[in-house]
Amino acid sequence: MKIARSLQSLKPSYIREILAAAKAPHMISLAGGLPAEDTFPMHILAPIMTQLARLPSLFQYGPTQGYGPLLTYCDQHFAYQPTHTSLITTGSQQGLDLIARAYLDAGDAIVMEAPSYLGALQVFELAQARILPVAQTSTGPDLTQLEAYFAKHSPKLFYAVPDFHNPTGVCWSHATREHVATLCQRYGVMLLEDAPYRELRFSGESLPMVSEFCPEQAVVLRSFSKYVSPGMRVGVITGPERFISPLITLKQAADLHSSVPMQALLLETLMHSDFPQHIQAIRTLYQVRYQVLTGALAEQLPHCAATPIDGGMFVWLTLPRCDVEQLAAHLLQQGVAVVPGSVFYPADVDAPCCAVRLNFTHAEPDTLVEGVSRIAAVMSGLELVS
């Protein structure tokens with residue numbers, strides 16, 4: 001049977017493919033966005049799982065919108081207005097898929113930051129959307145270019161990761177957040193704010209979400225994968241009820257509902273008295289690993305530039321001009337996995353700079369230093385540094 005035309009042109013995820021190679025013995029992976037496994041709150045999860053196993057009703061079919069007590073929690077913590085509601089999803093990635101299927105027809109224009117999250121690129125390319133890439137600055141998207149897109153192309157939505165952006169780690173300034181919200185309201189563009197890394201700030205002051213400035217024009221995707229457990233596969237979409245209702249209908253057709261036991265486990269974990277300490281421990285650990293990685297980069301690769309960050313999981317390393325995909329292949333042969341920056345751009349857009357994305361959260365400090373040493377050795381051998 002012939003597969004659909006929309007799927008024929010979709011490339012497999014580079015990151016999913018490289019993660020398979022990264023499991024080889026002696027391989028150092030700085031590629032995937034993996035949380036540190038020793039941060040999973042097993043001391044909280046274990047007794048809760050034992051308690052939940054005594055409640056057989058949790059293992060029955062459940063409501064499509066989500067487990068009632070978890071929905072109440074999300075509405076109280078994340079919904080901005082009485083007109084807002086929440087939908088529990090099988091990871092925030094499913095939220096992206098539901099939004100694309102609910103609101104995009106083939107050829108519809110959308111705006112994305114360039115570079116942008118690879119998983120979102122795949123979803124929107126599969127939906128056959130016309131992606132308009134807006135350049136990224138140190139404080140967020142290029143606002144002049146963004147408004148020009150809004151005025152000329154009337155895009156249906158603007159997908160963005162304002163807090164510790166994947167892949168660059170950039171965090172939008174307060175002024176940029178207000179300006180983007182104003183533009184979305186002025187031109188009637190839905191803001192799709194993806195916030196998987198917001199809880200991982202380890203320095204600097206927290207900023208308001210962009211959606212707080214335009215609550216009736218925004219939908220927010222949240223993930224619990226980065227600070228509870230990715231294996232739970234629980235995310236939540238919040239926004240005006242008029243935006244969320246069609247997604248509930250689609251989710252019913254997609255998978256009936258997300259795992260009820262996992263939703264209950266997540267709720268009890270979030271409400272546990274030790275959970276605030278758990279979050280702080282993650283932030284402290286990640287700050288140390290970030291400092292180790294950037295210190296090694298500054299020492300061993302002084303001709304490269306690491307974008308400074310205040311949180312998240314990634315460092316964007318700008319390199320001397322080279323073929324980054326070929327470089328990534330050489331690095332893999334020498335036992336270190338990275339993600340070339342070129343994969344974070346739409347298929348029809350050439351990456352305007354040479355860069356790689358490095359993850360610092362999963363590897364131990366000594367491993368991070370050794371990984372940088374291997375990168376430096378390969379780049380020196382290829383005469384990319386002097």
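Phe344 and Leu132 are assigned to two separate hydrophobic clusters, defined by single-linkage of ILVMFWY side chains at heavy-atom distances under 4.5 Å. Hydrophobic cluster membership is shared by Leu98 and Tyr159, with clusters built from Ile, Leu, Val, Met, Phe, Trp and Tyr side chains linked at under 4.5 angstrom. One hydrophobic cluster holds both Leu87 and Leu192 under the rule that ILVMFWY side chains link at heavy-atom gaps under 4.5 Å. Criterion: ILVMFWY side-chain heavy atoms under 4.5 Å apart, direct or through other members. Under it, Val378 and Leu368 are part of a common hydrophobic cluster. No chain of hydrophobic side-chain contacts below 4.5 Å, direct or via other Ile, Leu, Val, Met, Phe, Trp or Tyr residues, connects Val236 to Leu191.
A distance-only check finds no donor-acceptor pair linking the side chain of His77 to the backbone of Thr72 [under 3.5 Å]. Glu193 places a side-chain N or O within 3.5 Å of a backbone atom of Val210 that can act as its donor or acceptor partner. Panel note: side chain Glu113, backbone Val161; a donor-acceptor pair is recorded below 3.5 Å. Under the 3.5 Å distance criterion, the side-chain polar atoms of Thr90 are left unmatched by any main-chain donor or acceptor of Val234. No donor-acceptor distance shorter than 3.5 angstrom exists from the side chain of Asp142 to the backbone of Thr137, with no hydrogens or angles considered. Judged by distance alone, the side chain of Thr64 and the main-chain N or O of Leu256 form a donor-acceptor pair under 3.5 Å. Checking side-chain atoms of Ser229 against main-chain N and O of Ser225 turns up no donor-acceptor pair under 3.5 Å. Listed for the Tyr227 side chain is no donor-acceptor partner under 3.5 Å among the backbone atoms of Arg198. In this structure, the side chain of Lys156 engages the main chain of Tyr103 through a donor-acceptor pair within 3.5 Å. Judged by distance alone, with hydrogens and angles left aside, the side-chain atoms of Gln94 form no donor-acceptor pair with the main-chain N or O of Thr89 at under 3.5 Å.
A cation-pi arrangement is present between Arg222 and Phe78 under the rule of less than 6.0 angstrom and at most 45 degrees off the ring axis. For the pair Arg357 and Phe314, the cation sits on the ring face: its NZ or CZ lies under 6.0 Å from the ring centre, inside 45° of the axis.
Between Arg101 and Leu104 there is no side-chain heavy-atom pair separated by less than 4.5 Å. Side-chain contact between Pro141 and Phe158 is present, with heavy atoms from C-beta onward closer than 4.5 Å. Contact check for Leu96 versus Phe124: side-chain heavy atoms found under the 4.5 Å cut-off. For the pair Tyr67 and Ser259, the minimum side-chain heavy-atom distance is 4.5 Å or more. Counting heavy atoms from C-beta outward, His43 and Asp274 have side chains that approach closer than 4.5 Å. With contacts defined as side-chain heavy-atom distances shorter than 4.5 Å, the pair His303/Leu319 does not qualify. No side-chain heavy atom of Arg289 sits under 4.5 Å from any side-chain heavy atom of Leu293. The closest side-chain heavy-atom distance from Leu327 to Met379 is below 4.5 Å.
Minimum interatomic distance between Glu370 and Ile28 (heavy atoms only, all atoms of both residues): CG-CD1, 3.5 Å. Minimum interatomic distance between Thr269 and Leu265 (heavy atoms only, all atoms of both residues): OG1-O, 2.7 Å. Closest approach of Leu52 and Phe59 over heavy atoms only: O-CE1, 3.5 Å. The shortest non-hydrogen separation linking Pro115 to Tyr345 is CD-OH, 3.3 Å. Heavy-atom minimum distance, Leu270 versus Phe224: CD1-CE2, 3.9 Å. Of all heavy-atom pairs spanning Met112 and Ala120, the tightest one is CE-CB, 3.8 Å.
Taking OG of Ser258 as the reference point, atom CD1 of Ile88 lies at 7.5 Å (rounded to 0.5 Å). Summarising the geometry, atom OG1 belonging to Thr238 is positioned 6.5 Å from atom CD1 belonging to Ile244; distances are rounded to the nearest 0.5 Å. Atom CE of Met262 is separated from atom CG of Leu267 by 13.0 Å, given to the nearest 0.5 angstrom. From Asp108, atom CG reaches atom OG of Ser154 across 11.0 Å, with rounding to the nearest 0.5 Å. Once rounded to the nearest 0.5 Å, the distance linking OG1 of Thr307 with CG of Leu317 reads 8.5 Å. Going from atom CD1 of Ile110 over to atom CE of Met190 covers 11.5 Å, rounded to the nearest 0.5 Å.
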Check: residues 175-184 side-chain donor-acceptor pairs under 3.5 Å, at least two apart:
from: Thr176; atom 1: OG1; to: Thr139; atom 2: O; distance (Å): 3.2
from: Thr176; atom 1: OG1; to: Ser173; atom 2: OG; distance (Å): 2.9
from: Arg177; atom 1: NE; to: Trp172; atom 2: O; distance (Å): 3.0
from: Arg177; atom 1: NH1; to: Pro208; atom 2: O; distance (Å): 2.9
from: Arg177; atom 1: NH2; to: Pro162; atom 2: O; distance (Å): 3.4
from: Arg177; atom 1: NH2; to: Asp163; atom 2: OD1; distance (Å): 2.9
from: Arg177; atom 1: NH2; to: Trp172; atom 2: O; distance (Å): 3.3
from: Glu178; atom 1: OE1; to: His174; atom 2: ND1; distance (Å): 3.4
from: Thr182; atom 1: OG1; to: Glu178; atom 2: O; distance (Å): 3.0

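Asp194 and Tyr117 are not linked by any side-chain donor-acceptor pair at a separation below 3.5 angstrom, with hydrogens and angles left out of the test. Side-chain contact annotation: Ser373 with Gln300, donor-acceptor N/O pair under 3.5 Å present. Using modelled atom types and a 3.5 Å distance limit, the side chains of His165 and Thr168 yield a donor-acceptor pair. Using modelled atom types and a 3.5 Å distance limit, the side chains of Thr361 and Lys226 yield no donor-acceptor pair. No donor-acceptor contact under 3.5 angstrom links the side chains of Ser223 and Gln93, judged on distance only. Residues Ser342 and Glu325 bring a donor and an acceptor atom of their side chains to less than 3.5 Å of each other.
With respect to the salt-bridge test (charged N to carboxylate O, under 4.0 angstrom), the residues Arg242 and Glu216 qualify.
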Begin with the C-alpha distance, continue with both residues' side-chain angles, and end with the deciding distance and a verdict on side-chain contact (heavy atoms from CB on, under 4.5 Å) for Val356 and Thr318. CA-CA 7 Å; Val356 294; Thr318 303; over 6 Å; no

Go through Gln65 and Thr85 one step at a time and tell me if the side-chain contact (heavy atoms from CB on, under 4.5 Å) criterion holds. CA-CA 10 Å; Gln65 189 171 354; Thr85 191; 3.1 Å; yes

Apply side-chain contact (heavy atoms from CB on, under 4.5 Å) to Phe202 and Val288, showing your working. CA-CA 10 Å; Phe202 46 66; Val288 169; over 6 Å; no

Please evaluate residues Phe360 and Tyr290 with respect to the criterion ring-ring contact (aromatic ring centres under 6.0 Å, His included), reporting the C-alpha separation (whole Å), side-chain torsions for both, the decisive distance (0.1 Å), and the verdict. CA-CA 6 Å; Phe360 58 84; Tyr290 165 69; 5.6 Å; yes

Would you sort out whether Ser203 and Arg283 count as a side-chain contact (heavy atoms from CB on, under 4.5 Å), showing the intermediate values? CA-CA 9 Å; Ser203 64; Arg283 293 168 180 158; over 6 Å; no

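When each of Gln145, Glu147, His153 is checked for a side-chain hydrogen bond (donor to acceptor under 3.5 Å, both in side chains) with Tyr149, only Gln145 meets the rule.
For Asp38, the CG atom counts as densely surrounded, since its 6.0 Å shell holds more than 12 non-hydrogen atoms of other residues, nucleotides or ligands. Within 6.0 Å of CD in Glu241 there are 12 or fewer heavy atoms belonging to other residues, nucleotides or ligands.
Using a 30° and 60° split on the angle between ring planes, Phe275 and His278 fall in the tilted class, from 30° to 60°.
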